[in-house]
Asks: 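The structure under discussion is supplied below as structure tokens; questions concerning it will follow.
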Amino acid sequence: AKSAGRNNYKFYTADLNVRASEVLAIESQFRGALERNEFVLHYQPQVDMTDGRLLGAEALIRWNHPEQGLIGPLRFIPVAEERGFIVAIGNWVIREACRQLAEWKAAGCILPKLALNLSALQFRDPELLSVIEGQLVAYDLDGACLEIELTESVLMDDVEGTLQAVEALRALGVSLAIDDFGTGYSSLSYLKRFKADTLKIDRSFVRDIPQDLDDSAITRAIIAMAKTLNMQVLAEGVETAQQWRFLADEGCDQVQGYLVSPPLPAERFEAVLRDGA
Ligand code: C2E
Ligand code: CA
Ligand code: CA
Ligand code: CA
């Protein structure tokens, strides 16, 4: 009912954003792309603000298209959600992330934690838990090396079912982050119910700090709230030293953004891991 309406709205805007012909082209190429392994993950460092230490990374998907080159997720994730490919893509992301973590571990490069983005639709898949558990077992990995980034649309969609899935993930040691905090259908009560480990302040609030006084006040309030709730708080999209300074002064714990590093292909990220950057 209500949640279906929300999803329809989301699909509708996705259609407006992507040209119809492009939607068809992407749709017809999806299966083959998965089979030919044309998707890749890039990795963006997440660092501790107090000492610059690498705490983890976020895995961000790209489509290495044979003719068009590297295609960003905003061009195909909405189409995948609309056309029912998103669960297959999400499962690929989980598999590839675990495979890569195991490869790095075997090479002596330890990444403490890798954060994955999963669509709200993935949480409706009854297989989600067994897929994650299966990959952890197959690659002999601890659940603590994975974090799942949830957006508020995930939290709003079938709250009870999602809570159950989230609790089961926690039991495996997987941690949770609330992504894009402050955008979408915010409800502070979800913060309390989902007990996430990390709150990610959306880039839209970070962009104009410290000049924009409203954004600065909002960012300050989000940091203070996260502290009160005993959550780690991470600022996304940090591009300038001024933004870093403001966030450090306000007691923000972690940072992710171009100032530290853009998302990197696996080989380049591995070099960062080796140098302990
Ligand atoms: P997100 O989860 O909010 O990811 C952060 C986005 O901000 C990424 O864009 C990243 O490249 C970009 N970014 C990072 N630092 C900076 C910065 O300092 N400045 C600016 N301007 N941008 C920065 P990207 O990779 O294009 O991903 C866009 C969105 O696509 C993601 O937003 C996420 O919602 C979705 N996405 C990415 N990978 C996956 C995936 O594997 N599965 C699903 N379901 N969604 C994904
Ligand atoms: Ca994310
Ligand atoms: Ca985000
Ligand atoms: Ca976002």
Side-chain angles (χ1 to χ4, degrees), residues 2-14 17-18 41-42 44 46 56-62 72-82 84-87 89-94 97 113-125 128-129 132 146-170 174-207 218-219 222 225-226 229 231-237 254 256-257 263:
K2 227 178 179 179
S3 72
R6 265 189 206 112
N7 285 326
N8 288 340
Y9 174 73
K10 192 165 93 192
F11 296 157
Y12 180 61
T13 53
N17 290 340
V18 186
L41 293 179
H42 283 194
Q44 187 174 36
Q46 301 176 325
E58 177 176 5
L60 294 155
I61 196 170
R62 278 95 182 84
L74 295 177
R75 267 181 65 202
F76 63 87
I77 291 291
V79 183
E81 288 185 323
E82 182 184 343
F85 289 99
I86 193 66
V87 172
I89 289 186
N91 287 341
W92 178 85
V93 169
I94 293 164
K113 198 181 67 186
L114 182 58
L116 310 182
N117 293 283
L118 294 182
S119 160
L121 297 175
Q122 198 95 31
F123 277 81
R124 289 194 208 150
D125 177 16
L128 175 62
L129 196 71
I132 293 179
L146 290 184
E147 181 159 83
I148 305 296
E149 297 199 351
L150 305 166
T151 61
E152 285 164 26
S153 66
V154 175
L155 304 183
M156 296 298 290
D157 198 85
D158 178 17
V159 176
E160 286 314 316
T162 306
L163 258 175
Q164 276 183 19
V166 158
E167 284 312 314
L169 285 171
R170 283 187 162 298
V174 175
S175 58
L176 297 169
I178 295 183
D179 204 355
D180 302 338
F181 185 73
T183 66
Y185 306 95
S186 289
S187 165
L188 296 176
S189 70
Y190 290 101
L191 276 187
K192 191 175 154 190
R193 295 191 70 190
F194 280 88
K195 296 193 187 67
D197 304 270
T198 306
L199 197 58
K200 298 188 77 175
I201 306 173
D202 191 66
R203 195 169 79 218
S204 59
F205 298 114
V206 172
R207 192 180 50 220
I218 291 168
T219 300
I222 294 175
M225 186 181 59
L229 294 170
M231 297 167 83
Q232 286 285 301
V233 56
L234 179 151
E236 303 191 291
Q254 303 175 27
Q256 183 183 342

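Because the structure is predicted, anything quoted here is derived from the model rather than measured. Side-chain atoms are counted along with the backbone in the values below, which use heavy atoms only and exclude waters and symmetry mates.
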Asks: Would F181 and M231 satisfy side-chain contact (heavy atoms from CB on, under 4.5 Å), going step by step from the backbone distance to the final call?
Replies: CA-CA 13 Å; F181 185 73; M231 297 167 83; over 6 Å; no
Asks: Salt bridge or not for E160 and R193, using N-O below 4.0 Å?
Replies: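 Here E160 pairs with R193 in a salt bridge, since their nearest N and O are under 4.0 Å apart.
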Asks: Is there side-chain contact between V233 and M225, with heavy atoms separated by less than 4.5 Å?
Replies: no
Asks: Do you know the tightest heavy-atom contact between P73 and R62?
Replies: CD-NH1, 3.4 Å
Asks: Can you name the closest pair of heavy atoms from A196 and I178 and give their distance?
Replies: CB-CG1, 3.7 Å
Asks: I need the minimum non-hydrogen distance between N117 and E58, along with the two atoms involved.
Replies: ND2-OE2, 2.8 Å
Asks: Between D197 and L176, is there a donor-acceptor pair closer than 3.5 Å when you use the side chain of the first and the backbone of the second?
Replies: yes
Asks: So, do L199 and L191 sit near enough that their side-chain heavy atoms are less than 4.5 Å apart?
Replies: yes
Asks: Tell me, do I86 and I77 make a side-chain contact under 4.5 Å, heavy atoms counted?
Replies: yes
Asks: How far apart are the C-alpha atoms of L121 and R124, what are their side-chain angles, what is the distance that settles it, and do they pass the side-chain contact (heavy atoms from CB on, under 4.5 Å) test?
Replies: CA-CA 5 Å; L121 297 175; R124 289 194 208 150; 3.6 Å; yes
Asks: Report the C-alpha distance between S175 and E147 in whole Å, list the side-chain angles of each, state the deciding distance to 0.1 Å, and finish with yes or no for side-chain hydrogen bond (donor to acceptor under 3.5 Å, both in side chains).
Replies: CA-CA 5 Å; S175 58; E147 181 159 83; 3.0 Å; yes
Asks: Compare all side-chain heavy atoms of L128 with those of I94 and state whether any distance is below 4.5 angstrom.
Replies: yes
Asks: So which of Q232, Q254, Q256, K113 actually passes side chain to side chain donor-acceptor pair (under 3.5 Å) with Q46?
Replies: Q256
Asks: Once rounded to the nearest 0.5 Å, what's the spacing between atom OG1 of T162 and atom CG of L150?
Replies: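 That separation rounds to 8.0 Å.
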Asks: Hey, does D179 have a side-chain heavy atom less than 4.5 Å from the side chain of E236?
Replies: yes
Asks: Nearest heavy-atom pair of A165 and L129: which atoms, and what distance?
Replies: O-CD1, 4.3 Å
Asks: First locate atom CG of L169, then atom CD1 of I132, and finally report the distance between them rounded to the nearest 0.5 Å.
Replies: 4.5 Å
Asks: Where is the tightest heavy-atom contact between A59 and L41, given as atom of each residue plus distance?
Replies: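 Scanning both residues completely, I find the closest heavy atoms to be CB-CD1, 4.1 Å.
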Asks: Which distance, rounded to the nearest 0.5 Å, do you find between the CG of L234 and the OG1 of T198?
Replies: 7.0 Å
